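All remarks here apply to the structure that follows.
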There are 2 protein chains.
Amino acid sequence: MEMAAIAALKRFSSEKMQKINLFETPRMFCDIYCLEPGQAQKPHAHAGADKVYFVVEGVGEFSVGEERRILNAGWAILAPADVDHGVRNTSSDRLTVLVFMAPNPNIP
Amino acid sequence: MEMAAIAALKRFSSEKMQKINLFETPRMFCDIYCLEPGQAQKPHAHAGADKVYFVVEGVGEFSVGEERRILNAGWAILAPADVDHGVRNTSSDRLTVLVFMAPNPNIP
């Protein structure tokens, strides 16, 4: 059984946000993003692929299109295909986000 | 911005496991499953669609194929396309699971 414990896999770096893959199939991938205070994934879009963010711990400022919201653990956010989206850790604590994307843009 | 707070949306019923949709697109859906002690989603498979379970709170027994594991909050489990999978709340507390599936089998 493929399974993953976020507490064991999360990893932070003072250099930049860390992305750690949990699962990948031809149809989707599941990552965790680990952001130290001040770190960000700058807004970007994926052609034809939807992303869901789920805040596991900490507080992040999420952007989707022109909107921005500060959300904490237990919130899920949809970034639809082709719409700019990003996340920034505007808090003073670490931020861990579960990320799903479908389809998998890494697989042609 | 489409967003959802699990704490506000979760809902339990003594009759059966509750499924609450958070987001749906042609490419994927994201639900929460809410299981009272003893409730289960019996093993089943989805042709050509992968599922990821993420335990938000509580403890569940997850099955994928012939394997069974008891996992608590912070664990993610991959149920690959075409493989039988299910979840049972074998604990005495409520179980809330985030579920992601791709592609969306509800959309032809």
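In what follows, every chain begins at residue 1, and chains take the letters A, B, ... in the order their sequences are listed. For clarity, every value in this text was computed on a predicted model and none was experimentally measured.
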What part of [X] gets closer than 4.5 Å to chain B, counting heavy atoms only: side chain, backbone, both or neither?
X: A:L9; answer: neither
X: A:V52; answer: side chain
X: A:S63; answer: backbone
X: A:L22; answer: side chain
X: A:F100; answer: both

When clusters are formed by joining ILVMFWY residues with side-chain heavy atoms under 4.5 Å apart, either directly or through shared neighbours, do [X] and [Y] land in the same one?
X: B:V87; Y: B:L71; value: yes
X: A:I32; Y: B:V55; value: no
X: B:M1; Y: A:M101; value: no

Between A:T96 and A:E57, is a side chain to side chain donor-acceptor pair (under 3.5 Å) present by the stated rule, with each step listed? CA-CA 5 Å; A:T96 305; A:E57 61 182 3; 2.9 Å; yes

Whether A:Q39 side chain and A:S13 backbone form a donor-acceptor pair below 3.5 Å: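 Such a contact is found between A:Q39 side chain and A:S13 backbone.
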
Donor-acceptor contact below 3.5 Å, side chain A:E66 vs main chain A:V64: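 Looks like no, no N/O pair under 3.5 Å.
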
Please look at B:V56 and chain A and tell me whether the side chain, the backbone, both or neither of the residue comes under 4.5 angstrom of a heavy atom of that chain.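 Answer is side chain: those atoms of B:V56 sit under 4.5 Å from chain A.
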
Segment of B:Y53 engaging chain A (4.5 angstrom heavy-atom cut-off):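 It is neither, since no heavy atom gets under 4.5 Å.
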
Sort out for me which of [options] touches chain A most, counting heavy-atom pairs under 4.5 Å.
options: B:P80, B:P103, B:G74, B:A81; result: B:G74
options: B:G48, B:P26, B:A8; result: B:G48
options: B:I77, B:L78, B:N72; result: B:L78
options: B:D50, B:V83, B:I6, B:T25; result: B:D50

Do A:F23 and A:F29 have side chains that get closer than 4.5 Å, going by heavy atoms?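 With C-beta onward as the side chain, the pair stays apart.
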
Show the numbers, then the answer: is there a side chain to side chain donor-acceptor pair (under 3.5 Å) between B:N89 and B:E36? CA-CA 7 Å; B:N89 184 352; B:E36 293 275 16; over 6 Å; no

